[in-house]
Amino acid sequence: MAETSLYSREDKLRDASPRAEPLRRHSLYEAVTERLREMVLEGELEPGSRISEKRLCEAFEVSPTPLRQALKVLVSEGLVEMLPNRGARVTEVDIQEVVDLFDVMSVLEGLSGTLLATRASDAEIAEIRDLHECMMAQFRNNQRKEYFQLNQTIHRRLAEITGNRVLLELETSLTLRITRARYAANMQMGRWEESAREHEYFVEALERRDAHGLSAAMSLHMRNTGNAVIQRLKQE
């Protein structure tokens with residue numbers, strides 16, 4: 001089909017249906033990929049749930065081809081797995097893997113802080129401050145989804161600003177594997193408030209170009225996030 005918009009349907013996919021949002025990407029399959037990824041990361045498609053190609057094609061108003069291309073991308077990202085002769089399902093979250101991932105992420109964030117203190121330009125530091133202020137406005141307005149999206153944008157930009165391509169590739173890959181769990185943890189009010197304060201600390205350290213303080217603050221922020229995620233997973 002030629003349409004590139006998603007329309008909500010009454011029949012839900014594991015208690016969640018796609019929202020009506022225009023698909024503005026270079027190709028239809030990329031738009032489907034982004035929407036499907038969002039549904040997995042935000043829990044609209046729950047861990048372990050089967051993915052109905054028929055329902056998704058109807059909801060997205062697309063043919064099976066772009067949907068199957070999108071599924072292949074999510075398989076490569078570890079968010080979906082293909083079952084022999086049984087279609088696809090959302091992967092389960094492995095708690096030990098999450099523990100291991102956060103161990104690595106906390107070290108990478110510390111390295112990012114060290115590099116950023118000397119490599120970030122004044123304009124880039126100002127950009128991070130502006131993004132942070134926008135994120136804090138979402139915090140004050142209790143806009144959790146929008147807050148989380150800006151949170152992800154800030155972490156992505158910080159990794160980019162380090163100028164270390166290997167670091168950026170590692171963080172991008174690992175972030176995809178833990179975003180589902182991070183999203184759930186950030187929805188807890190206590191952790192949300194704590195996370196917002198931690199962001200303020202490391203933005204201030206960045207503005208001072210305090211390499212040691214920034215490294216420590218970013219590493220601690222990631223470790224605290226990991227502890228909250230792991231606690232949430234164990235409760236579930």
Side-chain angles (χ1 to χ4, degrees), residues 1-102 104-105 144-146 148-149 151-152 156 169-187 226 229-236:
M1 300 182 185
E3 289 293 330
T4 57
S5 296
L6 302 182
Y7 297 92
S8 298
R9 301 249 178 189
E10 290 183 357
D11 54 317
K12 296 189 175 183
L13 306 171
R14 294 295 300 241
D15 299 326
S17 60
R19 293 183 295 279
E21 297 176 352
L23 297 178
R24 303 185 184 94
R25 289 298 180 268
H26 297 304
S27 69
L28 184 56
Y29 106 83
E30 289 176 326
V32 174
T33 300
E34 181 176 296
R35 183 65 187 98
L36 192 58
R37 182 189 294 117
E38 183 180 74
M39 292 174 71
V40 173
L41 295 179
E42 296 182 7
E44 292 182 59
L45 290 172
E46 299 174 1
S49 64
R50 293 286 295 276
I51 294 175
S52 169
E53 287 191 16
K54 181 175 183 295
R55 289 186 181 180
L56 284 172
C57 285
E58 290 175 353
F60 294 170
E61 297 194 346
V62 298
S63 68
T65 299
L67 179 64
R68 289 168 184 166
Q69 290 176 314
L71 287 171
K72 288 180 181 178
V73 175
L74 267 61
V75 167
S76 72
E77 294 174 353
L79 298 176
V80 168
E81 60 183 342
M82 303 303 296
L83 305 173
N85 303 316
R86 289 184 294 162
R89 73 178 175 191
V90 180
T91 55
E92 298 280 1
V93 178
D94 184 320
I95 294 180
Q96 185 56 53
E97 181 185 37
V98 173
V99 172
D100 295 342
L101 286 168
F102 274 107
V104 176
M105 286 290 288
R144 298 196 182 195
K145 179 184 175 183
E146 292 77 7
F148 186 73
Q149 289 173 338
N151 182 304
Q152 295 292 88
R156 169 79 183 183
E169 290 172 5
L170 284 172
E171 287 214 2
T172 300
S173 173
L174 297 181
T175 294
L176 279 172
R177 295 169 66 181
I178 59 175
T179 299
R180 273 186 293 177
R182 286 185 66 183
Y183 185 87
N186 274 324
M187 294 304 100
V229 166
I230 294 159
Q231 181 181 9
R232 175 66 178 264
L233 291 174
K234 289 180 177 178
Q235 290 173 348
E236 293 179 349

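The shown structure was predicted, so the numbers you read here are calculated from the model rather than taken from an experiment.
Taking CG of N151 as the start and CZ of R144 as the end, the distance is 13.5 Å to the nearest 0.5 Å. In this structure, CD on E81 lies 8.0 Å from CD on E92, to the nearest 0.5 angstrom. The CG atom of L28 sits 10.0 Å away from atom OG1 of T65, with the distance rounded to the nearest 0.5 Å. Distance check: Q96 CD to I230 CD1 gives 8.5 Å after rounding to the nearest 0.5 Å. Atom CZ of R50 and atom CG of L83 lie 5.5 Å apart (nearest 0.5 Å). Atom NZ of K234 sits about 7.0 Å away from atom CD1 of I95, to the nearest 0.5 Å.
Between M39 and V90 the shortest side-chain heavy-atom distance does not fall below 4.5 Å. Taking 4.5 Å as the limit, every side-chain heavy atom of T33 sits out of range of all side-chain heavy atoms of Q69. Residues L67 and L36 have side chains in contact (heavy-atom distance under 4.5 Å, counting atoms from C-beta outward).
For S49 (side chain) and L45 (main-chain N/O), no donor-acceptor pair under 3.5 Å exists by modelled atom type.
Partners of E169 according to the salt bridge (charged side-chain N to carboxylate O under 4.0 Å, His left out) rule, which considers only residues two or more places apart in sequence or in another chain, do not exist here. Residues forming a side chain to side chain contact (heavy atoms under 4.5 Å, CB included) with L174 (at least two apart in sequence, or on another chain): L101, V104, M105, L108, R177.
Of the listed residues (L56, V73, V62, L71), just one forms a side chain to side chain contact (heavy atoms under 4.5 Å, CB included) with V32, and that residue is V62.
Here the shortest heavy-atom pairing between T91 and G78 reads OG1-O, 2.9 Å. In plain terms, the two heavy atoms of M82 and A88 that are nearest each other are SD-CB, 3.6 Å.
Ion pairing of R35 with E38 is present here, as a side-chain N (NZ or NE/NH1/NH2) and a carboxylate O approach within less than 4.0 Å.
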